[in-house]
**Q** 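Here it is, the structure in full.
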Amino acid sequence: MAISNTTSQHGKVWFITGASTGFGRLLAEHLLAHGSNVVATARKPEQLADLTTKYPASLQSLALDVTSQQQVDAAVKDALARFGHIDVLVNNAGYGLAGGVEEATEAEFMPMFETNVFGLIRMTKALLPQFRARRSGNIVNVSSIGGLIGSAGWGYYNATKFSVEGFSEALAAELAPLGVHVTIVEPGPFRTDFLGRSGQEAKAQIADYQETVGKTREYFATQAGKQAGDPQRAVEAIITAVSAPQPPKHLLLGKIALKRYRARLEQWTEELNTWESTTVGADFPEGE
């Protein structure tokens, strides 16, 4: 990443959820090292103590569980009291659940929806008034290649990230005339804690799904630390996107994500062409 991309963020205020580990932690570290102000939030803010000590003037660490509206409101109030405004909101808090649709229980998948979807919505809505008033800023919503392509064993995680995609696209359309940009980040596999302590697995296993969901469980159990994506390069790519005069609406990260999505587009185009007559035949005949 060119130095100027980070330099353009010098002095700006970034609000990052889920900043204790993974992309959120690395993004906070990189921005602080290059002169940005950061509101770093985590359910356990003590995990950010070293950054608070190192950057007392430019870092505000706050306790925040995005599933709590009360904590969301308090964190936004404290951040605005400290810095006066927010330039960039990064909705990074989230996690995955491996398991089949029939296998996972509501008690297992609903907390993920509360974090990945409703927490992101709460956080966004809490800061929209100040973005709208300032007529500038960026909202970065961390999705996944799993928000564009559904896979066996990731059904509920896919559902949360597909929700982020739709919400973000609508939000982008609403905010564009107001000068506020929305970017959806769609990483492939990166060496974060996603397959480690941040991920969860459905307890129930059904033998009939061994050839499909079973492969996902094996991947979940064996690939942590072996992913192709470099998290540091990913956060630098996010800063590059935010720093652009016209930030992208979608930012795929990693060769695997790009290859998978291009293949999906080719498959989709082929299917559209195959079923085109059936598709257009569902309309009233012209003139009626």
Side-chain angles (χ1 to χ4, degrees), residues 9 12-32 36-45 47-48 51 59-68 71-72 75-76 79 86-96 111-127 137-147 157 160-161 163-165 167-168 171 181-199 227 229-242 247-248 250-254 257:
Q9 296 302 314
K12 289 194 174 181
V13 184
W14 288 59
F15 188 113
I16 306 169
T17 68
S20 60
T21 61
F23 288 143
R25 170 75 184 211
L26 288 175
L27 182 59
E29 290 177 351
H30 191 84
L31 289 165
L32 289 164
S36 296
N37 297 306
V38 175
V39 181
T41 71
R43 287 181 297 174
K44 297 179 180 179
Q47 294 176 321
L48 299 167
L51 293 181
L59 173 67
Q60 181 183 32
S61 63
L62 297 173
L64 174 59
D65 180 345
V66 297
T67 67
S68 166
Q71 288 193 32
V72 167
V76 168
I86 301 298
D87 293 293
V88 185
L89 165 64
V90 182
N91 282 309
N92 171 70
Y95 67 94
M112 182 175 59
F113 276 86
E114 283 292 337
T115 298
N116 295 9
V117 180
F118 303 119
L120 180 147
I121 291 172
R122 289 185 191 97
M123 196 66 247
T124 302
K125 284 179 65 66
L127 278 169
N138 298 75
I139 297 173
V140 178
N141 289 336
V142 179
S143 177
S144 164
I145 185 60
Y157 176 69
T160 66
K161 293 305 186 179
S163 295
V164 170
E165 297 280 338
F167 173 80
S168 300
L171 182 67
H181 301 284
V182 177
T183 296
I184 314 163
V185 178
E186 295 131 346
F190 276 77
R191 294 184 194 177
T192 64
D193 287 334
F194 180 79
L195 297 179
R197 58 183 176 179
S198 295
Q227 302 96 320
D230 180 344
Q232 180 61 39
R233 291 176 182 267
V235 302
E236 292 175 9
I238 292 170
I239 296 169
T240 296
V242 169
H250 294 270
L251 180 64
L252 283 144
L253 292 179

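This chain uses plain numbering: 1 for the first residue, then up along the sequence.
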**Q** Quick check: closest heavy atoms across Ala93 and Thr17, and the distance to 0.1 Å?
**A** N-OG1, 3.0 Å
**Q** May I have all residue pairs that pass salt bridge (charged side-chain N to carboxylate O under 4.0 Å, His left out) and include part of residues 16-26, sequence neighbours excluded?
**A** Arg25-Glu29, Arg25-Asp50
**Q** Does a side-chain heavy-atom distance below 4.5 Å link Phe15 with Val90?
**A** no
**Q** Nearest 0.5 Å please: distance from the CD1 atom of Ile238 over to the CZ atom of Phe23.
**A** 6.5 Å
**Q** When you compare the side chain of Arg122 with that of Leu120, does any pair of heavy atoms fall below 4.5 Å?
**A** no
**Q** Kindly determine whether Trp14 and Asp87 satisfy side chain to side chain contact (heavy atoms under 4.5 Å, CB included), including the steps that lead there.
**A** CA-CA 6 Å; Trp14 288 59; Asp87 293 293; 5.6 Å; no
**Q** Are Val66 and Thr115 close enough that some pair of their side-chain heavy atoms sits under 4.5 Å apart?
**A** yes
**Q** Could you walk me through whether Val142 and Asn91 pass the side chain to side chain contact (heavy atoms under 4.5 Å, CB included) check?
**A** CA-CA 6 Å; Val142 179; Asn91 282 309; over 6 Å; no
**Q** Whether the side chain of Tyr95 engages the backbone of Met112 through a donor-acceptor N/O pair (distance < 3.5 Å, no angle test) should be reported.
**A** yes
**Q** Which atoms form the tightest heavy-atom contact between Ala257 and Gly188, and what is the distance?
**A** CB-N, 3.7 Å
**Q** Got a second to check how far Leu89's CG is from Asn138's CG, nearest 0.5 Å?
**A** 10.0 Å
**Q** Would you say Gln47's side chain and Ser20's backbone share a donor-acceptor pair under 3.5 angstrom?
**A** no
**Q** Checking Val38 against Gln60 for the side chain to side chain contact (heavy atoms under 4.5 Å, CB included) test, could you report, in this order, the C-alpha distance in whole Å, the side-chain angles of both residues, the deciding distance, and whether it holds?
**A** CA-CA 6 Å; Val38 175; Gln60 181 183 32; over 6 Å; no
**Q** Given side chain to side chain contact (heavy atoms under 4.5 Å, CB included), test Leu64 with Met123 step by step and report yes or no.
**A** CA-CA 10 Å; Leu64 174 59; Met123 196 66 247; 3.9 Å; yes
**Q** Would a 4.5 Å heavy-atom cut-off, applied to side chains only, mark Lys161 and Asn116 as touching?
**A** yes
**Q** Any side-chain to backbone donor/acceptor pair from Ser168 onto Glu165? Under 3.5 Å, distance only.
**A** no
**Q** To the nearest 0.5 Å, how far apart are CG in Leu171 and OG1 in Thr124?
**A** 6.5 Å
**Q** Which pair of non-hydrogen atoms, one from Tyr157 and one from Gly96, has the smallest distance, and what is that distance?
**A** CD1-CA, 3.5 Å
**Q** Is any side-chain heavy atom of Thr183 closer than 4.5 Å to a side-chain heavy atom of Asn141?
**A** no
**Q** Rounded to the nearest 0.5 Å, how far apart are CG of Leu251 and OG of Ser143?
**A** 11.5 Å
**Q** Which atoms form the tightest heavy-atom contact between Val117 and Ser163, and what is the distance?
**A** CG2-CB, 3.9 Å
**Q** Please report the closest heavy-atom contact between Leu253 and Ala237, naming both atoms and the distance.
**A** CD2-CB, 3.7 Å
**Q** Is any side-chain heavy atom of Thr21 closer than 4.5 Å to a side-chain heavy atom of Leu26?
**A** no
**Q** Among residues at least two apart in sequence or on other chains, which ones pass side-chain hydrogen bond (donor to acceptor under 3.5 Å, both in side chains) with Ser61?
**A** Thr52
**Q** So, does Ser36 use its side chain to make a donor-acceptor pair with the main chain of Gln9 at under 3.5 Å?
**A** yes
**Q** According to side-chain hydrogen bond (donor to acceptor under 3.5 Å, both in side chains), who are the partners of Asn37, at least two apart in sequence or on a separate chain?
**A** none
**Q** Can you tell me how far the NE2 atom of His30 sits from the CD atom of Gln232, to the nearest 0.5 Å?
**A** 6.0 Å
**Q** Find the distance between CG (Leu48) and CG (Leu62) and round it off to the nearest 0.5 Å.
**A** 9.5 Å
